[in-house]
Amino acid sequence: MTWIEALILGVIQGLTEFLPVSSSGHLEIGSVLLGTTSGDNLLFAVIVHAATALSTIIVFRKDILDILKGLFELKWNESWKFAALIVISMIPVGIAGVFFEDEISGFFIGNLILVGSMLLFTSLLLFFTYFKSDGVKEVSFSEAIIMGLAQTIAILPGISRSGATIATGLLIGVDKEKATRFSFLMVLPPILGASLLKTKDYFEAPASHEGLAILPMVIGFIGALISGYIACKWMTNIVKKGKLYYFAIYCLTVGLIAIISQW
């Protein structure tokens with residue numbers, strides 16, 4: 001992988017991790033178009049996912065610090081409740097990620113018809129939010145598990161993690177700002193956990209993942225970090241303005257192009 005390919009894929013990862021257009025689907029499309037094998041390079045995957053996790057932490061640093069302060073009080077409060085909601089939301093994706101993610105991801109590698117089909121599903125989900133009136137609910141335990149199930153479905157390449165969780169939150173009546181905040185914070189533990197698992201896989205068989213120089217890794221990390229920060233900030237404003245249907249049109253277009261290109 002050249003440094004320019006690493007930059008392109010890093011920016012794609014950063015933008016699409018937060019915008020409701022599917023990072024895994026776009027990385028698969030990007031890898032096919034560029035003729036790279038970055039989707040199979042564990043070290044590069046760990047680096048760009050770590051970059052997007054860091055961009056989330058930077059954007060929501062005040063919220064995260066407030067939650068951590070509340071946890072140190074060692075009594076049931078809003079911070080402990082929020083932490084419990086995050087844990088509950090992680091259960092479905094944790095089970096699916098441990099037992100099925102490799103099989104599912106492998107099934108989609110190089111298959112743009114399936115990736116495009118899942119982008120069409122994302123488009124449909126985002127389009128439904130156009131007809132939903134503004135919600136007023138807090139994220140409760142039932143909402144957390146429903147949004148967690150939506151995150152689990154997003155293991156499929158082409159289904160956006162942020163799109164699925166935010167749209168699901170809006171469709172079940174959660175307040176826009178609260179749905180967005182919970183959606184971005186709930187993905188932090190799974191992203192970090194997946195990165196740790198990929199790191200373990202890399203060190204168990206480093207020889208099988210050789211070939212990626214330091215410069216492309218650094219450039220990929222920086223590209224994912226900066227683009228991820230921009231996309232995360234942008235996405236919070238987009239949801240507040242109720243403009244998710246714009247991305248429904250985008251996902252529909254890209255999904256159709258991906259499907260047609262394989263015919």
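Quick note: numbers below take in every heavy atom, side chains included, and nothing from hydrogens, waters or symmetry partners.
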- Task: Just say parallel, tilted or perpendicular for the rings of Phe127 and Phe131, cut-offs at 30° and 60°.
- Result: perpendicular

- Item | Shared hydrophobic cluster for Ile146 and Val87 (ILVMFWY, side-chain gaps under 4.5 Å) | no

- Item | Residues Ser160, Val21; criterion side chain to side chain contact (heavy atoms under 4.5 Å, CB included); working and verdict | CA-CA 5 Å; Ser160 165; Val21 295; 5.7 Å; no

- Considering all heavy atoms, the nearest Pro216-Ala6 contact: O-CB, 3.2 Å

- Is any side-chain heavy atom of Lys241 less than 4.5 Å from a side-chain heavy atom of Tyr246? no

- Task: Step through the shown structure and confirm whether more than 12 heavy atoms of other residues, nucleotides or ligands are within 6.0 Å of NZ on Lys132.
- Result: yes

- Task: Only counting residues at least two apart or in another chain, list the ones meeting salt bridge (charged side-chain N to carboxylate O under 4.0 Å, His left out) with Lys137.
- Result: Glu143

- In the single-linkage hydrophobic clustering (I, L, V, M, F, W, Y; side-chain heavy atoms under 4.5 Å), do Ile257 and Tyr250 co-cluster? no

- Query: Is there a donor-acceptor contact under 3.5 Å from the side chain of Thr168 to the main chain of Ala164?
  - Reply: yes

- Group every Ile, Leu, Val, Met, Phe, Trp and Tyr by side-chain heavy-atom contacts under 4.5 Å, then state whether Leu192 and Leu71 land in the same group. no

- Do Tyr245 and Phe128 share a hydrophobic cluster, counting only Ile, Leu, Val, Met, Phe, Trp and Tyr and linking them when any side-chain heavy atoms are less than 4.5 Å apart? no

- Task: Answer yes or no: does atom OH of Tyr130 have more than 12 heavy-atom neighbours from other residues, nucleotides or ligands under 6.0 Å?
- Result: no

- Task: Could you go through the side chain to side chain contact (heavy atoms under 4.5 Å, CB included) check for Leu252 and Leu256 one step at a time?
- Result: CA-CA 6 Å; Leu252 174 64; Leu256 289 175; 4.0 Å; yes

- Query: Which atom pair, heavy atoms only, marks the closest approach of Trp3 to Ile219?
  - Reply: CB-CD1, 3.5 Å

- Atom pair NZ (Lys243) and CG (Asn237), whose distance is rounded to the nearest 0.5 Å: 12.5 Å

- Item | Spatial distance of atom CD1 (Ile67) from atom CG (Leu185) [nearest 0.5 Å] | 5.5 Å

- Are the side chain of Thr152 and the backbone N or O of Val93 linked by a donor-acceptor pair below 3.5 Å? yes

- 4.5 Å side-chain heavy-atom contact, Leu120 and Cys251: no

- Working to the nearest 0.5 Å, report the span between CG of Asn77 and NZ of Lys69. 13.5 Å

- Once you round to the nearest 0.5 Å, how far does OG of Ser162 lie from CZ of Phe247? 9.0 Å

- Contacts of Glu177 that satisfy salt bridge (charged side-chain N to carboxylate O under 4.0 Å, His left out) - sequence neighbours left out: none

- Task: Could you check Leu125 against Leu171 for side chain to side chain contact (heavy atoms under 4.5 Å, CB included), going step by step and ending with a plain yes or no?
- Result: CA-CA 9 Å; Leu125 187 62; Leu171 291 173; 3.9 Å; yes

- Task: Evaluate the side-chain proximity of Ser183 to Gln151: yes if any heavy-atom separation is below 4.5 Å, no if none is.
- Result: no

- Item | Closest non-hydrogen atom pair between Met186 and Met147, with its separation | CE-O, 3.6 Å

- Leu124, Ile172: one ILVMFWY side-chain cluster at the under-4.5 Å cut-off? no

- Task: May I ask you to test the Val136-Asp175 pair for a side-chain heavy-atom distance under 4.5 Å?
- Result: no

- Is the closest side-chain heavy-atom distance between Ile145 and Ser89 below 4.5 Å? no

- Taking the side chain as every heavy atom from C-beta outward, state whether Met235 and Ile166 have any pair of such atoms under 4.5 Å apart. yes

- Item | Expected output: side-chain Ser55 to main-chain Thr52 donor-acceptor under 3.5 Å | yes

- Query: So, for Val174 and Glu138, which heavy atoms are closest and what is the spacing to 0.1 Å?
  - Reply: CG2-O, 4.4 Å

- Minimum heavy-atom separation for Met90 to Pro189, with atom names? SD-CB, 3.4 Å

- Gap between atom CE of Met217 and atom CD1 of Ile222 - 0.5 Å precision: 12.0 Å

- Message: Pair Leu225, Ile58 - check side chain to side chain contact (heavy atoms under 4.5 Å, CB included), show working.
- Response: CA-CA 10 Å; Leu225 176 63; Ile58 293 171; 4.2 Å; yes

- Item | Residue pair Gly220 / Val48: nearest heavy atoms and the distance that separates them | O-CG1, 3.9 Å

- Task: Measure the CD1-OG1 distance between Ile64 and Thr56 for me, rounded to the nearest 0.5 Å.
- Result: 7.5 Å

Sequence neighbours left out, cut at 3.5 Å: what donor-acceptor pairs do the side chains of residues 8-18 make with other protein atoms?
unit_1	atom_1	unit_2	atom_2	d
Gln13	NE2	Glu17	OE1	2.8
Thr16	OG1	Ile12	O	2.4
Glu17	OE1	Ser23	OG	3.3
Glu17	OE2	Arg161	NE	3.3

